[in-house]
A.B. asks: 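Below is one structure. I have some questions about it.
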Amino acid sequence: QVQLVESGGGLVQAGGSLRLSCAASGRTFNTYAMAWFRQAPGKEREFVAAISRSGDITYYADSVKGRFTISRDNAKNTVYLQMNSLKPEDTAVYYCAASKFLVRVATMYNYWGQGTQVTVSS
């Protein structure tokens with residue numbers, strides 16, 4: 001069992017930056033690939049970024065490539081999402097998730113956090 005708690009969301013102006021954190025419980029954090037997804041009002045949950053167990057492989061959605069960076073610190077059981085050059089269309093609830101597989105599909109992720117709201121004003 002893995003418990004995930006996100007933090008770092010908030011209100012920011014377009015062009016600004018935020019860093020999200022996701023703290024995981026348990027001793028098996030480094031056996032899971034981690035990902036960030038987001039869901040805007042009235043839209044389906046969408047993939048944002050994923051990182052391998054060791055952190056050497058990362059995937060990004062085209063919409064965030066070059067602006068967002070996913071990273072992890074296995075010693076701290078934490079995964080991060082650095083978000084730069086934020087746009088109003090990045091406004092959503094952001095969720096971190098854990099899976100045994102490094103994939104972009106939400107249904108393959110077994111554990112989810114409660115989400116953190118990111119709002120980007122124009």
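Note that this is a predicted model, so its numbers are computed, not measured.
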A.B. asks: For the atom pair SG (Cys96) and CD1 (Ile51), what is the distance rounded to the nearest 0.5 Å?
C.D. replies: 12.5 Å
A.B. asks: Is the shortest distance from a Lys or Arg side-chain nitrogen in Lys65 or Asp62 to a carboxylate oxygen in the other one below 4.0 Å?
C.D. replies: yes
A.B. asks: Specify the closest pair of heavy atoms between Leu20 and Tyr94, including all atoms of both residues, with the distance to one decimal.
C.D. replies: CD1-CB, 3.5 Å
A.B. asks: Between Tyr32 and Val2, what is the shortest heavy-atom contact and its length?
C.D. replies: CE1-CG2, 3.5 Å
A.B. asks: Side chains of Asn30 and Arg53: closer than 4.5 Å at any heavy-atom pair?
C.D. replies: no
A.B. asks: Decide yes or no on side chain to side chain contact (heavy atoms under 4.5 Å, CB included) for Thr69 and Leu81, but give the supporting numbers first.
C.D. replies: CA-CA 6 Å; Thr69 303; Leu81 185 67; over 6 Å; no
A.B. asks: So, does Gln13 use its side chain to make a donor-acceptor pair with the main chain of Ser122 at under 3.5 Å?
C.D. replies: no
A.B. asks: Are the side chains of Glu46 and Arg38 in contact, using a 4.5 Å heavy-atom criterion?
C.D. replies: yes
A.B. asks: Say whether Ile57 and Val105 are linked into one hydrophobic cluster, either directly or through other cluster members, by side-chain heavy-atom distances under 4.5 angstrom.
C.D. replies: yes
A.B. asks: Under the side chain to side chain contact (heavy atoms under 4.5 Å, CB included) rule, what do Met83 and Arg67 come out as? Steps first, then yes or no, please.
C.D. replies: CA-CA 6 Å; Met83 305 186 294; Arg67 300 188 297 122; over 6 Å; no
A.B. asks: Kindly indicate whether the side chain of Thr91, heavy atoms from C-beta on, has any atom under 4.5 Å from the side chain of Gln117.
C.D. replies: yes
A.B. asks: Treating Asp90 as the side-chain partner and Val118 as the backbone partner, does any N or O pair qualify as donor plus acceptor under 3.5 Å?
C.D. replies: no
A.B. asks: Is a side-chain donor or acceptor of Glu6 paired with a backbone partner of Gln114 at a separation under 3.5 angstrom?
C.D. replies: yes
A.B. asks: Would you name the heavy atoms of Ala33 and Phe101 that are closest together and state the gap between them?
C.D. replies: CB-O, 3.7 Å
A.B. asks: Would you say Leu18 and Leu4 are hydrophobically clustered, going by side-chain heavy atoms of ILVMFWY under 4.5 Å?
C.D. replies: yes
A.B. asks: Where the side chain of Thr28 meets the backbone of Thr31, is there a donor-acceptor pair that is under 3.5 Å apart?
C.D. replies: no
A.B. asks: How long is the gap from CG on Asn84 to OG on Ser17, to the nearest 0.5 Å?
C.D. replies: 3.5 Å
A.B. asks: Taking the six-membered ring of Tyr59 as reference, does the NZ or CZ atom of Arg104 fall below 6.0 Å from its centre and within a 45° cone about the axis?
C.D. replies: yes
A.B. asks: Quick check on the hydrophobic clustering: are Phe47 and Met108 connected, directly or via other members, by side-chain heavy-atom contacts under 4.5 Å?
C.D. replies: yes
A.B. asks: Please say whether more than 12 non-hydrogen atoms of neighbouring residues, nucleotides or ligands are located less than 6.0 Å from CD in Glu89.
C.D. replies: yes
A.B. asks: Honestly curious: do Phe37 and Met34 fall in one hydrophobic cluster under the side-chain, below-4.5 Å linking rule?
C.D. replies: no
A.B. asks: Does the ring center of Phe68 lie less than 6.0 Å from the ring center of Trp36?
C.D. replies: no
A.B. asks: Are a donor atom and an acceptor atom from the side chains of Asp73 and Thr78 found within less than 3.5 Å of each other?
C.D. replies: no
A.B. asks: Mind checking whether Tyr111 and Phe29 sit in one hydrophobic cluster, side chains of I, L, V, M, F, W, Y counted as touching below 4.5 Å?
C.D. replies: yes
A.B. asks: Check this for me: Lys76, atom NZ, are more than 12 non-hydrogen atoms of other residues, nucleotides or ligands nearer than 6.0 Å?
C.D. replies: no
A.B. asks: Specify the closest pair of heavy atoms between Tyr60 and Ala49, including all atoms of both residues, with the distance to one decimal.
C.D. replies: CD2-CB, 3.6 Å
A.B. asks: Taking Gly9's backbone N and O only, do any of them form a donor-acceptor pair with Thr116's side chain (distance below 3.5 Å, no angle check)?
C.D. replies: yes
A.B. asks: Can you see which heavy atom on Gln39 is nearest to which on Tyr95, and at what distance?
C.D. replies: CB-CE1, 4.2 Å
A.B. asks: Assess Arg72 against Tyr80: is NZ or CZ under 6.0 Å from the centre of the six-membered ring, and within 45 degrees of the ring's axis?
C.D. replies: no
